[in-house]
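Below you'll find the structure, written out as structure tokens, and then a few comments.
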Amino acid sequence: MSLPAPRRFRPAALASLARLALCGVVLGGMGAANAIAQRAPMADVVPGVEHCVVNVRADDALNLRGGPGAGNAIVARLPYGACGVVVSGPCSGNWCPVEDGHHAGFVHARYIAQVSPALYCTEGVAKGDRLTLRAFPSFESRALHTLGPATCSIAFLPFAREGWQKVRVAGYEGWVPRANLSGQ
């Protein structure tokens with residue numbers, strides 16, 4: 001009995017499969033535990049707007065480089081989740097010029113995502129009640145701040161997990177249930 005010949009994919013087909021995987025599509029038989037983290041689309045990279053570091057492991061950092069390309073020297077390392085990264089000009093291919101308040105350089109667009117404008121409000125918070133802003137996406141997590149009914153000017157940070165959304169409001173960053181937020 002002979003084994004079938006290995007299947008060969010055209011480069012375009014491999015690129016399509018890679019894009020699907022990077023966009024969080026779960027392919028045949030992969031359980032939720034093996035799902036690939038959702039990729040922030042490059043369309044979210046906007047010059048002059050604040051971005052956060054995404055798509056790197058929590059124990060790793062994004063290399064800020066002296067020029068556009070992986071062959072350029074590393075100027076600084078930006079940790080996962082770091083916000084305040086401003087795209088300072090138009091991207092050249094996949095490489096974008098950025099500043100973080102301390103350093104200037106280039107990062108690959110795949111590893112940054114735009115912070116939303118502050119256009120969201122609390123929803124479903126009764127008069128006299130408070131919505132708790134938490135350190136982590138869990139009701140058992142430490143409380144950082146509380147938000148009253150109809151609190152607005154809430155910005156979405158590019159992180160969401162199991163019905164929780166990371167936000168910035170009144171100088172605080174933390175997690176709230178997504179069901180308690182609505183657009184203005």
Side-chain angles (χ1 to χ4, degrees), residues 19 22-25 36-56 58 61-65 68 76-127 129-139 141-184:
R19 277 194 298 278
L22 288 172
C23 290
V25 174
I36 295 172
Q38 188 170 8
R39 177 181 182 259
M42 284 197 286
D44 286 350
V45 176
V46 180
V49 175
E50 179 186 8
H51 293 70
C52 297
V53 175
V54 297
N55 297 328
V56 295
L62 172 61
N63 293 329
L64 178 66
R65 296 191 177 269
R77 293 179 49 86
L78 307 175
Y80 170 78
C83 295
V85 178
V86 176
V87 176
S88 57
C91 298
S92 175
N94 291 325
W95 292 89
C96 302
V98 299
E99 299 176 11
D100 73 346
H102 302 284
H103 304 94
F106 290 80
V107 297
H108 194 285
R110 180 188 190 291
Y111 300 103
I112 56 174
Q114 177 183 345
V115 173
S116 79
L119 298 177
Y120 298 89
C121 298
T122 57
E123 178 177 85
V125 180
K127 186 176 180 179
D129 282 346
R130 307 290 289 174
L131 176 63
T132 304
L133 184 69
R134 300 201 174 269
F136 298 98
S138 166
F139 288 108
S141 179
R142 174 175 54 92
L144 301 173
H145 188 65
T146 59
L147 308 174
T151 298
C152 292
S153 299
I154 300 171
F156 278 22
L157 298 178
F159 307 99
R161 183 179 300 151
E162 299 171 0
W164 289 80
Q165 177 67 48
K166 191 166 186 183
V167 299
R168 178 182 297 143
V169 59
Y172 293 91
E173 288 184 6
W175 295 85
V176 296
R178 178 64 180 93
N180 290 109
L181 299 170
S182 69
Q184 288 183 347

Measure the spacing between [atom1] of [X] and [atom2] of [Y] and express it to the nearest 0.5 Å.
X	Y	atom1	atom2	answer
H102	L64	NE2	CG	12.0 Å
E162	W164	CD	CH2	11.0 Å
E50	D100	CD	CG	11.0 Å
L131	I154	CG	CD1	7.5 Å
T132	R142	OG1	CZ	13.0 Å
Q165	L157	CD	CG	7.5 Å

Any heavy-atom pair between the side chains of [Y] and [X] that's under 4.5 Å?
X	Y	result
R65	W95	yes
V53	P79	no
L62	I112	yes
F156	L181	yes
W175	S138	no
F136	R161	no

(request) Evaluate the side chain to side chain contact (heavy atoms under 4.5 Å, CB included) criterion for residues V98 and H51: first the C-alpha distance (whole Å), next the side-chain angles of each, then the deciding distance (0.1 Å), finally the verdict. (result) CA-CA 9 Å; V98 299; H51 293 70; over 6 Å; no
Of all heavy-atom pairs between [X] and [Y], which one has the smallest distance, and what is that distance?
X	Y	value
G148	V125	C-CG1, 4.2 Å
P90	P97	O-CD, 3.4 Å
P47	G89	CG-O, 3.6 Å
C96	V45	SG-CG1, 3.6 Å
C83	R168	CB-NH2, 3.6 Å
S182	E123	CB-OE2, 3.1 Å

(message) I'd like to know whether CZ of R77 has more than 12 heavy-atom contacts from other residues, nucleotides or ligands below 6.0 angstrom.
(response)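 Check passes, neighbour count above 12.
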(request) Mind telling me whether F159 and Y80 have parallel, tilted or perpendicular rings, with 30° and 60° as the class edges? (result)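 Aromatic pair Y80/F159 classed perpendicular.
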(request) Look at the rings of Y172 and H145 and say which category their plane angle falls in: under 30° parallel, 30 to 60° tilted, over 60° perpendicular. (result)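 If you compare the ring of Y172 with that of H145, the planes turn out parallel.
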(request) Using modelled atom types only, decide if a donor and an acceptor are shared between the side chain of T151 and the backbone of T122 within a distance under 3.5 Å. (result)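 It does not hold such a pair.
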(message) I'd like to know if the side chain of S153 reaches the main chain of A118, judged simply by a donor and an acceptor atom lying under 3.5 Å from each other, with no hydrogens or angles considered.
(response)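 Not at all, since once roles are kept as given, no pair shorter than 3.5 Å links the two residues.
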(request) Would you kindly say whether T146 and R130 are connected by a side-chain donor-acceptor distance under 3.5 Å? (result)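 Yes, a side-chain donor-acceptor pair sits under 3.5 Å.
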